[in-house]
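What follows is a short report on a single structure.
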2 protein chains.
Amino acid sequence: MASKSAPRATYAEIAKTAGVSEATVSRVLNGDENVHPDRTKAVNAAVKKLGYKKHRAASALASGRTGLIAVVIDDDLSIFADPFWATVTSGISRVLMENELQTLLMVTPLESVDGPVAHYLMGGEVDGAIFFQLHKDALIKRLRKQNLPIVITGTPHSRSDFPFVDTDSFGGAHAATKHLFSRGCRQVGIITGDIDTTAGAARLDGYNQAYRESGHVPSKKLIASGDWSMESGRAAMARLLEKAEGIDGVFASNDLMAVGAMAAIEEAGLRVPEDIKIIGFDDSVVAQTARPALTSVRQDIVALGEAAAELMIAQLRGEEVQPRILKSELVIRETT
Amino acid sequence: MASKSAPRATYAEIAKTAGVSEATVSRVLNGDENVHPDRTKAVNAAVKKLGYKKHRAASALASGRTGLIAVVIDDDLSIFADPFWATVTSGISRVLMENELQTLLMVTPLESVDGPVAHYLMGGEVDGAIFFQLHKDALIKRLRKQNLPIVITGTPHSRSDFPFVDTDSFGGAHAATKHLFSRGCRQVGIITGDIDTTAGAARLDGYNQAYRESGHVPSKKLIASGDWSMESGRAAMARLLEKAEGIDGVFASNDLMAVGAMAAIEEAGLRVPEDIKIIGFDDSVVAQTARPALTSVRQDIVALGEAAAELMIAQLRGEEVQPRILKSELVIRETT
DNA sequence: CTGAAAGCGCTTACAG
DNA sequence: CTGAAAGCGCTTACAG
């Protein structure tokens, strides 16, 4: 049932063909500096000759290090539509692999701090865990208390000392809003995402800041709230059209809501970008397929994953780590 | 550096508190039937009391079973835009977890049969591997020769005996084409995907079959080839508009090409669905955000992942497995 | 800089 | 149905 693989080499054989002890083999394979160059060479040669690959389980049992990093993804429905985590994870996986670490993927509901995932993570089965933006910090706090290296993708709520990586939502929203003004808009509205998320709040802040820098104060009427869904964007836009007379630009906090807003604008008999200019956030495939094609704030999602992996590796090395905020970039298409 | 986790319980402690030998503990924990119920009960109680979790590395070293299933994803660019593999993988992960197996994610270029991934998989580091539609079978053949359980997501080229799971592309294309006829279309075209892929070929076959059933033979002029990209769909549609006079329906082999086709139709001054009806395949987010919203063939992608995991588990149990083809479903929206 | 030896926490013939 | 014992393939004080 299990693989009847070719008989694999062990330390014993390497030690014999290199003429050293198994302890020395171990030292060389673990990068111990204090080994005579000649022996190092001999061991490396034997390793190559025998096509040796270290047995992970044996190594893990003896050393306590598993070589496995968990990537924990909250299993709510949004992941089924959203390529975001997949892309981040591919960046994570690549960097981990380069560092001889493997990615253990756990897609699971996180409701319970005492769920199977929690047990697993606390049981020393992995060397570290990377989480996607979570709402409850309880689990993470517990894991940290046990000295399990943690990285969070997305900004955590409680600005505790969790290492995290995120895209600069504030900066992206700020740039988007400024761009609308520079294109001649006078009344720029915003469709917010869920304001209880840090990303939702930061994008609103960026909008407000840019508005103030333009010398005006955004009227409450220009702010409509959505929940990241296309439908909420459509409804929010309909409200803006009704309340905010003269509105001629809209920053939607993600692409899906932007596309919903475009539908509402069209339904009202207005045109994009002639009557109302619009910008989304994420530069997802939806932005590219929209007609007119949607101007959007691009996050470098692969880089986000790579940064997360790098923070993890730094912690594994015992280094102090700082949060990492990645720049976003405005991709200008036809809606502005 | 490694987690300084709470001292975990071991067999020794369980054996002591349950009043049995470690061998018996092992038997109970591995579901051995031949243990006296009383002892079984005692062991289970001790496990619960001590909050015991089996140490995976130790178990793997002793038994040769790692409890890890690799999910291998070819790292070409398409994955960055396509939520498909992410969704499949979430289905896989869920089912594996329920069966006490973990998902080891490997995102990597597969170019070399002798790459690090190959070594890893052949080194007995995992109990099985699930692949996403691959072009070269060499690696997989080698792994099978070593009795490594394999599942392929997507139909393999060489109809060898690899266990695979796939959505019924033929049936979906067939239903889509029939639906266009039933909506009154007379000249139904197809925009194919990459015809060298099994999915691309099967969708074309389904179209041809439905066409013939309608009592006609599809003219060559009604067939335009794309490469799954939006841009290729746009170009293919432009060609159809030029060559296939009177075309009034199009089945595009995926949503992205359908959206491209819609753009081309609009650019030609025609309307969807009044002048030309159109159907996509995948029912992706793009189908939902398109205007008019795109009728599309839905695959149950999560179910695909679950089926893949189930085939893997069956193999692990030593059962014979058959390929699994999942039904697709037409989701009717505004373009037909 | 190096080796002999103990040990990591399970599993599994083997003998009963 | 059960236990004593050997062993899985590494790592790591310890002593030199």
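Convention: sequence-line order gives letters A, B, ...; per-chain numbering from 1.
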Any stems for DNA chain D, made of 3 or more Watson-Crick or G-U pairs in a row, each with both distances under 3.5 Å?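 Output for stems: C:1-3 with D:14-16, C:5-12 with D:5-12, C:14-16 with D:1-3.
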I'd like to know if the side chain of [X] reaches the main chain of [Y], judged simply by a donor and an acceptor atom lying under 3.5 Å from each other, with no hydrogens or angles considered.
{"X": "B:Q315", "Y": "B:I150", "value": "yes"}
{"X": "B:T155", "Y": "B:T198", "value": "no"}
{"X": "B:D127", "Y": "B:G67", "value": "yes"}

After noting the C-alpha distance and the side-chain angles of A:N99 and A:M312, does the key distance pass the side-chain contact (heavy atoms from CB on, under 4.5 Å) rule? CA-CA 11 Å; A:N99 288 272; A:M312 174 54 66; over 6 Å; no
Separation between CG of B:L68 and CD of B:E125, rounded to the nearest 0.5 Å: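 Answer for the CG-CD pair, B:L68 versus B:E125, is 9.0 Å.
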What is the distance, rounded to the nearest whole Å, between atom [atom1] of [X] and atom [atom2] of [N]?
{"X": "B:Y52", "N": "C:dG9", "atom1": "OH", "atom2": "C1'", "result": "7 Å"}
{"X": "A:E13", "N": "D:dC10", "atom1": "CD", "atom2": "C1'", "result": "14 Å"}
{"X": "B:L61", "N": "C:dC10", "atom1": "CG", "atom2": "P", "result": "12 Å"}
{"X": "B:N34", "N": "D:dC1", "atom1": "CG", "atom2": "P", "result": "5 Å"}
{"X": "A:R56", "N": "C:dG9", "atom1": "CZ", "atom2": "P", "result": "19 Å"}

Under 4.0 angstrom between A:T24 side-chain N/O and C:dG3 OP1 or OP2: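 Checking A:T24 against C:dG3: at least one side-chain N or O falls below 4.0 Å of OP1 or OP2.
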B:E320 atom CD, neighbour heavy-atom count above 12 within 6.0 Å: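 Not buried by this count: 12 neighbours or fewer within 6.0 Å.
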Over all atoms of both residues, closest heavy-atom pair of A:T153 and A:A308: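 So the minimum-distance heavy-atom pair works out to OG1-CB, 4.0 Å.
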Using a 4.0 Å heavy-atom cut-off, write out nucleotides 11-16 of chain D from 5' to 3' as B (base contacted by protein), S (sugar-phosphate only) or - (no contact). BBB---
Considering only the C1' atoms, how many Å lie between C:dG16 and C:dT12, rounded to the nearest integer?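 Between the two C1' atoms, the distance is 16 Å.
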Flag the pair A:E310 and A:R324 as a salt bridge only when some basic side-chain nitrogen lies within less than 4.0 angstrom of an acidic carboxylate oxygen.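 Here A:E310 pairs with A:R324 in a salt bridge, since their nearest N and O are under 4.0 Å apart.
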